[in-house]
Structure formats: structure tokens, C-alpha cells
Amino acid sequence: MKRLPLYTKILIGLALGVVVGLVFGEKAAVIRPIGTVFIRLITMIVVPLVFVSLTLGTASLGDIKKVGRIGVKTFAYFTVTTIIAISLGLGLGNLLKPGTALDDSVKTELQESYAASAEAGLSRLEERPSTVEILIDIVPTNPIKALTEGNMLQVIFMALLFGIALTLIPKAKSEQVTALLDSVNDAVIQIVHIAMKIAPYGVLALIASVVGQFGLKVLVALLNYSLVTIAGLAIHAFVVNGLAVRFLGRMNPLTFFRAAKDAMLIAFSTSSSSAALPVGMQSAEKIGVKRQYSSFVIPLGTTINMDGTALYQGVSAIFIAQIYGLNLSLGDQLTIVLMATLASIGTAGVPAAGIIMLVMVLKQIGIPLEGISLIMGVERLLDMCRTATNMAGNIASSVVIQASEKNTS
């Protein structure tokens, strides 16, 4: 067992988790603390890793113009892939019509079972600040508070600003700071290695708890919707990213996915892009992405590049509209593209954040918000799948951005 690759151990953990969940049912939740400890251990190092690595990545670019150029390229790439993802989701929803095959009795049961979860999403949306407030809030008034609370947009802003400042001061002085940060970064990576030792057991505990709680009944009832969403996520994760890596990144897709599989499995198991971030950065470096690019692009992508979340919102909006017999016009669907693109930017890299963004999208185009209760039963599974897609996109983006810089130089 010790000699098996990490991804094999994680797959074994996934399989055993499903078996334990089905055999023991809700009693399987007794081992969930193992998974919780694993997530907390990974989450513990996310803030220092993002701050240190993004500062180093920005400072290592060495030229303020280069920082700006890469920043614009990265944001443009994220925006394009997000639009592709949401368009793919809408296309599959319109073509396969998953919302037309759900039995009325199942609709009623789902609405009754998950109404509380849907109401929780609505209440959290009401607490969400306006777009202008979010933009203002990116600039922290208290850097220490931003770090301790894990406000990722503020942490990223501070890291970018600090990295830019290091490029503007004399190199003799900046090298002392970057040397220290480099040592801290290596220490954090060692903690990642320690955390990965318990990853298979954490995955087993998390999956067993989810399967034990929800079983397979609801998944069967929502099979069409689940399959359409998962198919879309798979197409985007493997086909869209594969083509981007091949033609924009000049890399063999098989080489890419062999390196990315560990990070995708961690993302799938934890439903957290942030938890998979350390492994994702290591995966990028394994395939030759220099640290100055992986340290800049991937942490940034964890916060503002949510292709899987955007695709999920497209399929879900179409599904819920079809359930209620609503015909969405072209204008409505273009609004979904715009709203889902904006909503995916800044979506927190934590479990179930996508459902809050879906509420915002549905509210904008007038789809009954109660419809969210119809999909809550499979939300956890789809959250896992879309998070894996998000992570694949983040690693692919680092490959593409590095290749674009080679062409520039």
C-alpha cells in the first residue's frame, strides 16, 4: 500500500467510502471527523501558501509591465473559458431537456425534503453585499484581519501589491525578502506532503458520510439532471482544457492530465478548490510550469476562475425552468451567461458556494427560487464534480499563460 501512487490510494479511499456509506447508512457519519481534520489541515495552510506563492510569483516576474501583461492575459483567459463553460451548460440543457422527465411525485418529495436548504441559500444571498461593495472590500483596512479571517480576495490583493512593491525596490533589498519567502514556501509545501499522507483516509471518511446521509435514492430520481451536468463538466474538464493545453499550451494532454489527476481527485473529494490548491501547484510544476507562473495563475484562479461552477449554473437554470414549464428566451439565456460569468468570479473556493451563486442567477431572470430545493439532493455530488473541473481549468491556465509568455519573448 505504501508503494502505491497517491491517486491510486485516493481512488481506493473513494471506493471504500461508497461501500461504507451504503453498508452503514447514517452511522457512517461517525468517521466524518477524520475527513474534517484532513480538510482543516489543508485549509490551515491555504492562506500562507496563497500569500507567499503569489507574492513570489509576482516578484519573480521582475518587471512591472510583465506583471500587468500576464495579469491581463490571465483574466482574459479566465473570462473566455468561463463563457465557454456556461454556454456549454446552456446548450446541453436545451438539447437534452433534463427537466421534462421528472415525475410530479418526486418533485413534491424533493421540495419538501430540501426546502430548508433552499431557504438557507436565500437568506445567505440577502446578506451578500453589492458588487460595488465587493470591489471596495478587496482593499483591506486591516491586513492582519484579512489573513486571520481568510478573506481570499483581500489576501490576493495584498500579495499582488506586495509582489509589485518588491519589483520596484532595489534588487539587493528585495532579494533578502524573497529568499525568506522562498524558505517559508518550502516549509509550507512540506506540510502539504504531511497532509497528503492522510488524504486517502480523509477521502474515505468524507465520501462514506455523504453516501450514508443521502444514499442513492435521490440520485436515481434526478438521474437525467445529474448525468447532463456531469457530462458537461467532463466535456469541459477533458475536452476544452485538453484542446487548450494542446493548441495554446503546446503540451500533450495526456501528460497534462497524468500530472493533474491528484489535484482533481483532492478537489473532487473535498469539494474545495482551496483545499486542492497546494497539490494543484505541485502538479503544474511537475509538467514544467515555472513557479513564477504557477504561483501567480493558480492561486488567482482558485478565487476567480470557476468554470465548473458556471457550467453547473447554466444546466441548473435550464433544468429548473423546464420543471416549472418556463420557456427562456435568447435574451434570458444571454443574461444567464453574463450573470454566471460575473458570479463565478469571486466564488469562494469552499464546498457549496456555487448554490449561493445559482440563487443570484435565478433571481435575475425570474425563475422560481423554490426550484433550488429540487436539486439539493444531488448538490453534494455535483459540487464535487464541478470543483474537480475548476481545478483542472486552473492548472491548464498556468500552462497556457506560460506558453503565451514564451511566444511573447
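These numbers come from a predicted model, not from an experiment. Count residues from 1 along the sequence. We use all heavy atoms of the structure for the numbers below, so side chains are in, but hydrogens, waters and symmetry mates are not.
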Subject >> Inter- and intrachain pairs under side chain to side chain donor-acceptor pair (under 3.5 Å), touching residues 83-92, at least two apart >> reply: none

**OP:** Would you please say whether a donor-acceptor pair under 3.5 Å links the side chains of N327 and Q322?
**Re:** no

Using residues 236-247 as the side-chain source, report each donor-acceptor pair under 3.5 Å to any protein atom, sequence neighbours left out, with the distance given to one decimal.
| residue | atom | partner | partner atom | Å |
| --- | --- | --- | --- | --- |
| H236 | NE2 | D307 | OD2 | 3.2 |
| N241 | ND2 | H236 | O | 3.4 |
| N241 | ND2 | A237 | O | 3.1 |

Subject >> Contact check, side chains of V399 and R250, non-hydrogen atoms, under 4.5 Å >> reply: no

**OP:** Mind checking side chain to side chain contact (heavy atoms under 4.5 Å, CB included) for N390 and listing every partner two or more places apart, or none if nothing turns up?
**Re:** S273, M306, T309

Original post:
Sequence neighbours excluded, which residues qualify as side chain to side chain contact (heavy atoms under 4.5 Å, CB included) partners of S269?
Top reply: I10, L14, V203

Original post:
Looking at side-chain heavy atoms only, is the closest gap between L41 and I198 below 4.5 Å?
Top reply: yes

Original post:
Among all residues two or more places apart in sequence or in another chain, which pass the side chain to side chain contact (heavy atoms under 4.5 Å, CB included) test with L227?
Top reply: L223

Subject >> Verdict with supporting geometry, Y77 and N305, side-chain contact (heavy atoms from CB on, under 4.5 Å) >> reply: CA-CA 9 Å; Y77 181 81; N305 186 38; 5.6 Å; no

Subject >> By side chain to side chain contact (heavy atoms under 4.5 Å, CB included) - contacts of A28 (at least two apart) >> reply: V20, F24, A208

List, one per line, each side-chain donor-acceptor pair under 3.5 Å for residues 181-192, sequence neighbours excluded.
| residue | atom | partner | partner atom | Å |
| --- | --- | --- | --- | --- |
| D182 | OD1 | R291 | NH1 | 3.0 |
| S183 | OG | A179 | O | 3.2 |

Subject >> For Q154, side-chain hydrogen bond (donor to acceptor under 3.5 Å, both in side chains) partners two or more places apart >> reply: D137

Subject >> Listed partners of Y225 passing ring pair (Phe, Tyr, Trp, His ring centres under 6.0 Å), at least two apart >> reply: F319

Subject >> Counterpart residues, side-chain hydrogen bond (donor to acceptor under 3.5 Å, both in side chains), relative to Q402 (two or more places apart) >> reply: none

Subject >> Atom pair OG (S397) and CD1 (I298), whose distance is rounded to the nearest 0.5 Å >> reply: 6.5 Å

**OP:** Could you tell me the separation between the CG atom of L166 and the CG atom of L56, rounded to the nearest 0.5 Å?
**Re:** 8.5 Å

**OP:** Decide yes or no on side-chain contact (heavy atoms from CB on, under 4.5 Å) for M158 and L147, but give the supporting numbers first.
**Re:** CA-CA 10 Å; M158 289 191 299; L147 292 168; 3.9 Å; yes

Original post:
What's the verdict on side chain to side chain donor-acceptor pair (under 3.5 Å) for Q282 and D262, showing C-alpha distance, side-chain angles and the deciding distance?
Top reply: CA-CA 10 Å; Q282 286 187 313; D262 288 352; over 6 Å; no

**OP:** List in chain and number order the residues that pass salt bridge (Lys or Arg N to Asp or Glu O under 4.0 Å) with D332, two or more places apart in sequence or in another chain; answer none if no residue qualifies.
**Re:** none

Original post:
Tell me, which pairs form a salt bridge (charged side-chain N to carboxylate O under 4.0 Å, His left out) where one or both residues lie in residues 39-57, sequence neighbours left out?
Top reply: none

Original post:
Hey, which of K66, K290, Q292, R69 is the one that makes side-chain hydrogen bond (donor to acceptor under 3.5 Å, both in side chains) with E405?
Top reply: R69

